[in-house]
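These notes are about the structure you will find just below.
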Amino acid sequence: MNWLATLNESQLEAVIHPNGPLFVVAGAGTGKTRTLTAKIAYLIMQGVEPKRILAVTFTNKAAREMKQRVIDMTGPHAMDVWLYTFHAFGLQILRRHIQELPYGYKPSFTVIDEDDGKKIVSDVIKSLGLDTKMFSVKSLKNLISLFKSNRMEEFERSEEEKIYKGYQTYLRENQLLDFDDLLIYTLELLEEYPRIKLKYQTGFDHVLVDEFQDTDVIQYKILKVLGEVHKNLFVVGDPDQSIYGFRGANYNNSKYFLKDFNAEEIILDKNYRSTNFILKAANKLIAKNFNRPSQKNLESDLGIGTPIVYHTAQSDYQETFYVINEINRLIMQGYTYNDVAILYRNNALSRLFEDAMIKEGIPYIIYGGISFYERKEVKDALAYIRVINDCNQDFYFKRVVNVPKRSIGLKSIQVLEEKAGQLGVSMFEAIDYVDLRPQAKSALLDFKKMIISLKEDFDEMEDLYQIMPVLMSKTGYTQMLKDENTEQAEYRIDNLKELQSVFTRGDVYYEGFFYEKLNQQLDQIALYSDLDQDVTEDNHVKLATYHQVKGLEFKAVFMVVLEEGIFPGDRALMSTYELEEERRVAYVGITRAKERLYMTHAERRMVYGQIKIGYPSRFIKESRLDMPEPKYKPTYDYESHLLKTGDHVDHQVFGKGVVVSIEGEVATIAFAMPHGIKQILESHPSIKKIKKQ
DNA sequence: TCTCCATGAGTTTTT
DNA sequence: CTCATGGAGA
């Protein structure tokens, strides 16, 4: 156990802490993962059976890495540790017990992703005959999610509730579960079914949780049930890095945990990542948050380091220019492109910087975008496989029946779906009975024949790698892409080849007959959003949002577009709660940097095609170490006003209003109730002047 | 069934 | 500005 010697005092204290509830508050870069894996290894060394340990994480990547580390530390029997994401843990439980719930689910249910969910919502809206303009699919899917996970009491509009019910019915009738269901049904089984509850309460002796600050209400309840009997909950997290509130992460869970379990608390604040200029800035910034349990100040042994560099650019373009220049200077000083990250608040801001990178020939990658398993061609291929695997999967049937084009239009599909509904069979089965024009009917019959033929091929197969070639040629999918003869199509073919290698790897990883392997592989894919390609090898600057780099670190970090209205965003200005979350996002940003940190903003920026004046983000001032006000000299003319008394304006949040007076840069504007009179910077990006009628 | 234009919306997203 | 969507028309 020589790895125990590598831990610092607080880490060691946490690791050898006797049984009972413990909250390890692990600040950024303080060895959170190291402590958690050491704890698991320690438990195993103490004689706890690996299969009686449950550790949950938020990402597959974290789960996989942690498992590997524990195996490295204690040997291969650590394979038996239950180390899963919350969702994967739920999936395990539900594959075993879902038939006990009164919703008609069979253990062979399918997990759909966010995109599929939206499609279903959209179909439901249409089938209810509602005006599609009145209901945004995106926000409805969100509302449904809020409602399902008890984060919203009731729907505001009766139609919304109808859509929710339609969605839920569709899922149940088609044996589909969305991501929320994986957690909700798991909780229901654990809370309402004493036998199951007892099984899992006593099946584990220890429950460990990573990134606890990101747990939502349902996840916390699951942990609560699991830990109720033995109370051996080892929870690691950093409330200051809670930046997923919008997705349901409940900031108060840390308070609840300390109270509900009367847990002890150990704080890790010795940082191993950054120099102290950076840490001081981070400490100073986060201290501005009022709602802040478990306060801590980060400090490291890495010296004071280089001061943070602030830069005010005259325009958005010049800001990118400055960043490029500084990157070039860093390179001359011996940094590699790999050491550098450009971080911003939202994805749209990547564009400017991407353009600049291309122009200057600096290698870069942009995080985010559509991930591998969300790509159209990959989803199509998987949908085919699901239909072949089980012909009654109407949802996936609909997706592929006319891809490539087989002249089976929307109308034909609708008629078929109705027929299937009348007969109470799947669309696939209903093909024989449906009344359609001969062309459409024979196209459907041909499709059916093709699927049956593919099914026969599958039955003959022994390994997953055999799937793709047959599938792609029989369905005509590859041919369709080849005929397109575009770069885009080439790229899609490459992605399908990559899917092929996913299956090849699956052959090594999974055991059993073809269909057993296939089902395991499909489950895996359902919970994985992306391939874990190791991108750290290549040498390029990383462009990413703050959210995307949580948990990562870079020698040099550029926090760009630090402007009021963008970061913090307009929406966050009204509530302390949201503003504090924005501040935590900034805190995450600062703490990514190991040696160099730049904070930049521009005075003028194109926003939606219009030039707007930008003010430096309050986070600059709030984190700045020199006490006096930042030497910010605006270069625009104070006297030329953008607005004048009597102007009508439209504010993104407060709606329409009239300018009552102007003093300096501040306009007093009267908005309709309940907002009333507000004083706002006249050039604030959320204000738009509207022409008088 | 496909293509073209008008229209509107426009944070963050581990699963 | 730029992307997605939906309706009209070929």
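In what follows, every chain begins at residue 1, and chains take the letters A, B, ... in the order their sequences are listed. All values reported here derive from a predicted model rather than from experimental measurement.
- Residue pairs meeting the ring-ring contact (aromatic ring centres under 6.0 Å, His included) criterion with at least one partner in residues 122-141 of chain A, sequence neighbours excluded, are absent.
- Applying the side chain to side chain donor-acceptor pair (under 3.5 Å) criterion to K288(A), with sequence neighbours excluded, gives no partner residue.
- The glycosidic torsion of dT12(B) lies more than 90° away from 0, placing the base in the anti range.
- Distance from the side chain of N346(A) is smallest to dT12(B) among dT15(B), dT14(B), dT12(B).
- For residues 235-250 of chain A, the pairs satisfying salt bridge (Lys or Arg N to Asp or Glu O under 4.0 Å) are D238(A)-K296(A), D240(A)-R292(A), D240(A)-K296(A), with sequence neighbours left out.
- Side-chain nitrogen and oxygen atoms of N60(A) include at least one within less than 4.0 Å of the OP1 or OP2 phosphate oxygen of dT15(B).
- Summarising the local packing, NZ of K376(A) is surrounded by more than 12 heavy atoms from other residues, nucleotides or ligands at distances under 6.0 Å.
- If you take CG of L183(A) and C1' of dT14(B), they are 12 Å apart, rounded to a whole angstrom.
- Here L410(A) lies in heavy-atom contact (under 4.0 Å) with sugar-phosphate atoms only.
- Atoms NE2 (H87(A)) and C1' (dT15(B)) sit 4 Å apart, rounded to a whole Å.
- Protein atom CG of D570(A) is 17 Å distant from nucleotide atom P of dA9(B), rounded to whole Å.
- Put simply, NZ on K138(A) is 16 Å from P on dC3(C), counting in whole angstrom units.
- Among the nucleotides dT15(B), dT13(B), dT11(B), the one closest to the side chain of E578(A) is dT11(B).
- Put simply, CG on L349(A) is 14 Å from P on dT2(C), counting in whole angstrom units.
- In terms of phosphate contacts, N347(A) brings a side-chain nitrogen or oxygen within less than 4.0 Å of OP1 or OP2 of dT13(B).
- What separates NZ of K405(A) from C1' of dC2(B) is a distance of 8 Å, to the nearest Å.
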Show the distances under 3.5 angstrom between N or O atoms of the protein and N or O atoms of nucleotides 5-10 of chain C.
none

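- Counting non-hydrogen atoms under 4.0 angstrom, L91(A) reaches nothing in the nucleic acid.
- The interatomic distance linking I218(A) (CD1) with dT14(B) (P) rounds to 20 Å, in whole Å.
- Atom P of dT5(C) sits at a distance of 16 Å from the matching atom of dT12(B), rounded to the whole Å.
- For the residue pair H97(A)/Y200(A), the side-chain donor-acceptor check at 3.5 Å is satisfied.
- Once rounded to the nearest 0.5 Å, the distance linking CD of Q318(A) with OG1 of T600(A) reads 12.0 Å.
- Nucleic acid contact for Y546(A): none, since no nucleic acid atom lies under 4.0 Å from a heavy atom of the residue.
- At whole-Å resolution of the value, CD1 in I243(A) and C1' in dT12(B) are 8 Å apart.
- In summary, the side chains of R96(A) and Q92(A) do present a donor paired with an acceptor at a separation below 3.5 Å, with no hydrogens or angles considered.
- Nearest to the side chain of Q548(A), among dT13(B), dT14(B), dT11(B), sits dT13(B).
- For Y608(A), whose side chain is taken as the heavy atoms from C-beta onward, the closest listed nucleotide among dC1(C), dC2(B), dT15(B) is dC1(C).
- For dC3(C), the OP1/OP2 oxygens have a side-chain nitrogen or oxygen of R351(A) closer than 4.0 Å.
- Ranking dT13(B), dT15(B), dT12(B) by closeness to the R345(A) side chain, first place goes to dT12(B).
- Not counting sequence neighbours, R386(A) has no partner by the side chain to side chain donor-acceptor pair (under 3.5 Å) test.
- dT11(B) has no stacking from F246(A) on its base ring, since the centres under 5.5 angstrom apart and planes within 30 degrees of parallel are not both found.
- Among the nucleotides dC1(C), dT12(B), dT15(B), the one closest to the side chain of T545(A) is dT12(B).
- Where K411(A) and K550(A) meet DNA chain B, the nucleotide closest to each residue was compared, and K411(A) sits on the side nearer the 5' end.
- Take R399(A) and apply the salt bridge (charged side-chain N to carboxylate O under 4.0 Å, His left out) test, not counting sequence neighbours, and it matches D380(A).
- Distance from the side chain of T59(A) is smallest for dT14(B) among the nucleotides dT11(B), dC2(B), dT14(B).
- In terms of position on DNA chain B, the residue among L182(A) and V585(A) whose nearest nucleotide sits closer to the 5' end is V585(A).
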